[in-house]
Amino acid sequence: MELNERQREAVLLAPGPALVLAGAGSGKTRVLTSRIAHLLEDGLYPGQILAVTFTNKAARAMRERLAAMLDMDLRGLWMGTFHGIAHRLLRMHHELVDLPEQFVVLDADDSQRLVRRAVRELQLDDKHWPARQVAGRISRWKDSGLGPQELAGERSVPPQLLEIYQRYELLRERAGALDFADLLLYALRLWNDAPLLAQYQERFQQVLVDEFQDTNAVQYQWLRRLAEGHQNLFVVGDDDQSIYAWRGAEVENLFRFQRDFPGARLIRLEQNYRSTAPILAAANAVIAQNHDRLGKTLWTERSEGAPVQLYRAYNEEDEARFVVGRIEQWVAAGGKREDCAILYRSNAQSRPFEEHLLRAGVPYRVYGGLRFFERAEVKDVLAYLRLVLQRHDDAAFERVVNVPARGIGAVTLERLRSLARERGISLWQAAGEMAQPKLNAFLTLIDRLAEACTHQELDEQVRLVLEQVPLRDWHARDGDRGEGRLENLEELINAARSFALQDGSEGLRELSPVPGDILSEFLTHAALEAGEGGAEAWEDAVQLMSLHSAKGLEFAQVFLVGLEEGLFPHQRSLEDPAGLAEERRLCYVGMTRAMQQLVLCHAESRRLHGAERLALASRFLRELPAEEIEELRPRARISRPLAPALSASSGGRSDCPYPLGGRIRHPVFGEGTVLDYEGGGRQGRVQIQFSSGSKWLALGIVSLERLS
DNA sequence: ATAGCACATATCTTT
DNA sequence: TATGTGCTAT
């Protein structure tokens, strides 16, 4: 595809620092990929390029695009997330930062458990110090580069919290483990080794960064030091799409960059190629309500396009029914399911859509939520493997010492913990010293397992765990609930096999020269990339995902749902102007995902956490320009289905000849949109929204022309 | 020590 | 809603 003038300029820019402010849909990824291709064609070796993306998905996509553009061996080209790259470096140079060779990576859940343990060890009330929140604060401090020492003098930090932080660090270090934030911190520490830094500065002649507005303080420092020699740092970002401040991202890095790299070239990409004019106008109007923007207005050459539609649903069921109806209509007209995306603020909102899609027999795929490697039964098996690798991994030890139940209860465990605490040793060591039969049996089990696992294929190692540890029986006793877990255990074997195959053949491994055990690779993979792609990944399916995970993607049809005060914008940001601005950017991100048709939905009433609540339309809807919006009026009949059975029977709406949301033409009233329908056959009636208002029409009498 | 049950509680986004 | 925690009976 041709590049426009600005894009071309960015791609061909001479070496040196450069900042590309790239609006949504302005061809950002294309510029980045083209520049890499250009550098390679210009004679740079793949090994001299480092490209950093924000998600694993984005890294994969870019690699694929690059491979398609160039007929070239890309081995040696480093492309990945900050976390992934940091991990790779740490595997290679662990000794420089006093890490054990087999260090493990803690995911968010592991970190929380460790916090809980720290709280208990300090004899603090874990009600008063909820692990989830404390872990969140610690992680944010770490993202800004603040260790316990730096916080010591801070009056705003309660002393207990500081103590918890310190204890957490102690436990974590003893376990030879790194949390997500540590990966970045330790990677930054690597740069304190001058020869090593010089080596990488020499090696990576060109550093390119995607989604730069989402970098945090530590990531920025890491980049700055890496590039401070040759200054060949090419960053691409959009302040309007900064949606990760809650995770420590600092948009200010865009300004810092210009300050720290004087003479940096600035290029703005403002021409949008993705969306129709109405979609763009609507999105621009919303984001214009934010202040302190770098200033940038997207425009498009396209003038055509359907208006943005707004559907006001009675409740979340109605919302789901409407959206699924529209999707069925799209598919019936020959559209692909995968071109339809349902985007919501929080993952919990997926359920009514899943139910309606299921009922309608429409394949769908949900991204996010509880992912494969985050499931308890899967994490248990992984914990056994972690112990095999690293006996001092206390988190893993605690997780499975009594799973399945083997008579090691709270009392024994408490004794273990205090012994470990007193002597400053790991739980594994403490268990060895206790010389208690049941504990010994557990230690022996792990040792035997480790022995059996040596020199085995990865999937064989997983199989060995399931063979030597009666986890299957344990879950099988759990009846219905256990069945799914059993399936997940079998799936884990498959996951291990395909990971090993991919890793050994052509995939990651050759491209990323990581030394060390495939097992530890796999465990890191499980923590870093919680596992998306299921077997049905290639099936044509409707896509359901949170707004956050939609960033960087595009779809012909976007249904942005749940636009209600308290839900979106989220309750917790209502009070806080900065939080509200971020919610608005999130809305902007969501709207700009749409290429052809954007449908916005909100419900008047919503069941949330089990309780029914009235919901006000989101303030973002009031910010829309009326002339771009086609409002679908609320239905006249207001009734919540009394029972699931009832809604199921009325859910079989295939007997209505006009799909909900579809366009029709009436001989007198003209064009309209099908809003609702009740009754069956010729007795049924259908509600149509005409420009003059909405009307109920008897199916037996009128004849309506269907428009595609 | 463990299973089962009642009760409380916090509701989001992700590497 | 759904998850987790604490209590009680076994």
Side-chain angles (χ1 to χ4, degrees), chain A residues 52-59 80-87 105-113 116 120 126-127 130-133 135-136 139-140 142-143 178-184 187 211 214-216 218-219 242-249 316 343-352 367-371 373-374 376 402-414 438 474 477-478 481 524-532 545-551 562 566-574 579 582-583 585-587 589-590 606-613:
Chain A
V52 190
T53 60
F54 187 66
T55 63
N56 295 304
K57 216 196 286 177
T81 62
F82 277 105
H83 292 86
I85 286 161
H87 165 256
V105 179
L106 306 176
D107 70 11
D109 182 59
D110 299 324
S111 299
Q112 265 171 52
R113 285 163 182 268
R116 187 169 299 129
R120 292 199 176 144
D126 45 1
K127 286 249 164 60
R132 198 185 145 77
Q133 280 169 42
S139 148
R140 248 181 307 115
K142 286 185 164 187
D143 284 338
L178 299 184
D179 58 33
F180 284 141
D182 287 322
L183 287 170
L184 307 172
E211 308 282 14
D214 286 325
T215 50
N216 66 33
V218 177
Q219 290 164 335
S242 154
I243 54 173
Y244 284 99
W246 54 274
R247 208 175 85 184
E316 75 280 349
L343 308 182
Y344 34 74
R345 177 64 178 86
S346 63
N347 283 317
Q349 283 166 258
S350 73
R351 220 178 48 196
Y367 294 82
L370 186 60
R371 287 175 290 186
F373 287 112
E374 289 169 355
N402 202 32
V403 174
R406 48 174 75 87
I408 301 171
V411 181
T412 314
L413 202 52
E414 194 38 57
K438 283 172 181 165
W474 164 262
R477 275 194 286 144
D478 227 6
R481 276 190 145 219
T524 309
H525 169 81
L528 244 41
E529 204 171 341
E532 300 253 279
M545 69 188 80
S546 69
L547 287 159
H548 281 89
S549 36
K551 189 166 75 157
L567 190 62
F568 187 31
H570 193 270
Q571 194 70 44
R572 292 159 84 108
S573 52
L574 291 182
E582 180 148 315
E583 297 281 309
R585 291 192 292 269
L586 195 52
C587 185
V589 166
R606 182 172 295 269
R607 187 186 294 276
L608 206 58
H609 319 129
E612 182 98 16
R613 297 198 327 198

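Numbers restart at 1 for each chain; the letters A, B, ... are given by sequence-line order, proteins then strands.
Protein atom CG of A:N216 is 14 Å distant from nucleotide atom P of B:dT15, rounded to whole Å. Remark: C1' of B:dT15 and CG of A:D143 are 9 Å apart, rounded to the nearest angstrom. B:dT14 atom C1' lies 10 Å from atom CD1 of A:I243, rounded to whole Å. In this structure, A:D109 places its CG atom 13 Å from P of C:dT3, rounding to the nearest Å. Counting to the nearest Å, the C1' atom of B:dT13 and the CH2 atom of A:W246 are 4 Å from each other. At whole-Å resolution of the value, CG in A:L343 and C1' in B:dT13 are 13 Å apart. As rounded to whole Å, 9 Å separates atom P of C:dT5 from atom CZ of A:R113. Spacing between atom CD of A:E582 and atom C1' of B:dC12 amounts to 11 Å, rounded to whole angstrom units.
Phosphate contact (OP1/OP2 of B:dT13, side-chain N/O of A:N347, threshold under 4.0 Å): present. OP1 or OP2 of C:dG4 has not a single side-chain nitrogen or oxygen of A:R132 nearer than 4.0 Å. Listed pair A:R572 / B:dT11 meets the phosphate criterion, a side-chain N or O lying under 4.0 Å from OP1 or OP2. Side-chain nitrogen and oxygen atoms of A:N56 include none within less than 4.0 Å of the OP1 or OP2 phosphate oxygen of B:dT14. A sub-4.0 Å separation between OP1 or OP2 of B:dT11 and a side-chain N or O of A:S346 is absent.
Considering only the side chain of A:R345, B:dT13 comes nearest among B:dA3, B:dT13, B:dA1. Considering only side-chain atoms of A:T412, the nucleotide from B:dA1, B:dT13, B:dT15 that sits closest is B:dA1.
Going from the P atom of B:dC12 to that of C:dT5 covers 16 Å, rounded to whole Å.
Between A:E583 and A:R345 there is a salt bridge, since at least one side-chain N of the basic residue sits less than 4.0 Å from a carboxylate O of the acidic one.
Within the model, atoms CG of A:D143 and OH of A:Y244 stand 13.5 Å from one another, a figure rounded to the nearest 0.5 Å.
Within the 4.0 angstrom heavy-atom criterion, no nucleotide atom of any strand lies near A:D107. When heavy atoms are screened at a 4.0 angstrom cut-off, A:S549 is found touching the sugar-phosphate backbone but no base atom. Using a 4.0 Å heavy-atom criterion, one finds that A:R351 contacts the sugar-phosphate atoms exclusively.
A:Q219 has its side chain within reach of A:H83: a pair of non-hydrogen atoms, C-beta onward, lies under 4.5 Å apart. A:K142 places none of its side-chain heavy atoms less than 4.5 Å from the side chain of A:F180. Using a 4.5 Å heavy-atom cutoff, the side chains of A:T215 and A:V52 are not in contact.
For the pair A:F82 and B:dT15, the ring geometry does not qualify as stacking, because the centroid separation below 5.5 Å and plane angle under 30° are not jointly satisfied. Once the 5.5 Å centre distance and the 30° plane angle are applied, the aromatic ring of A:H548 is found not to be stacked with the base of B:dT14.
For the pair A:E583 and A:G84, nearest-nucleotide mapping onto DNA chain B gives the more 5' position to A:E583. Comparing A:N402 and A:H570, the nucleotide of DNA chain B nearest to each residue sits closer to the 5' end for A:N402.
Distance alone, capped at 3.5 Å, is enough to place a donor-acceptor pair between the A:E582 side chain and the A:A245 backbone.
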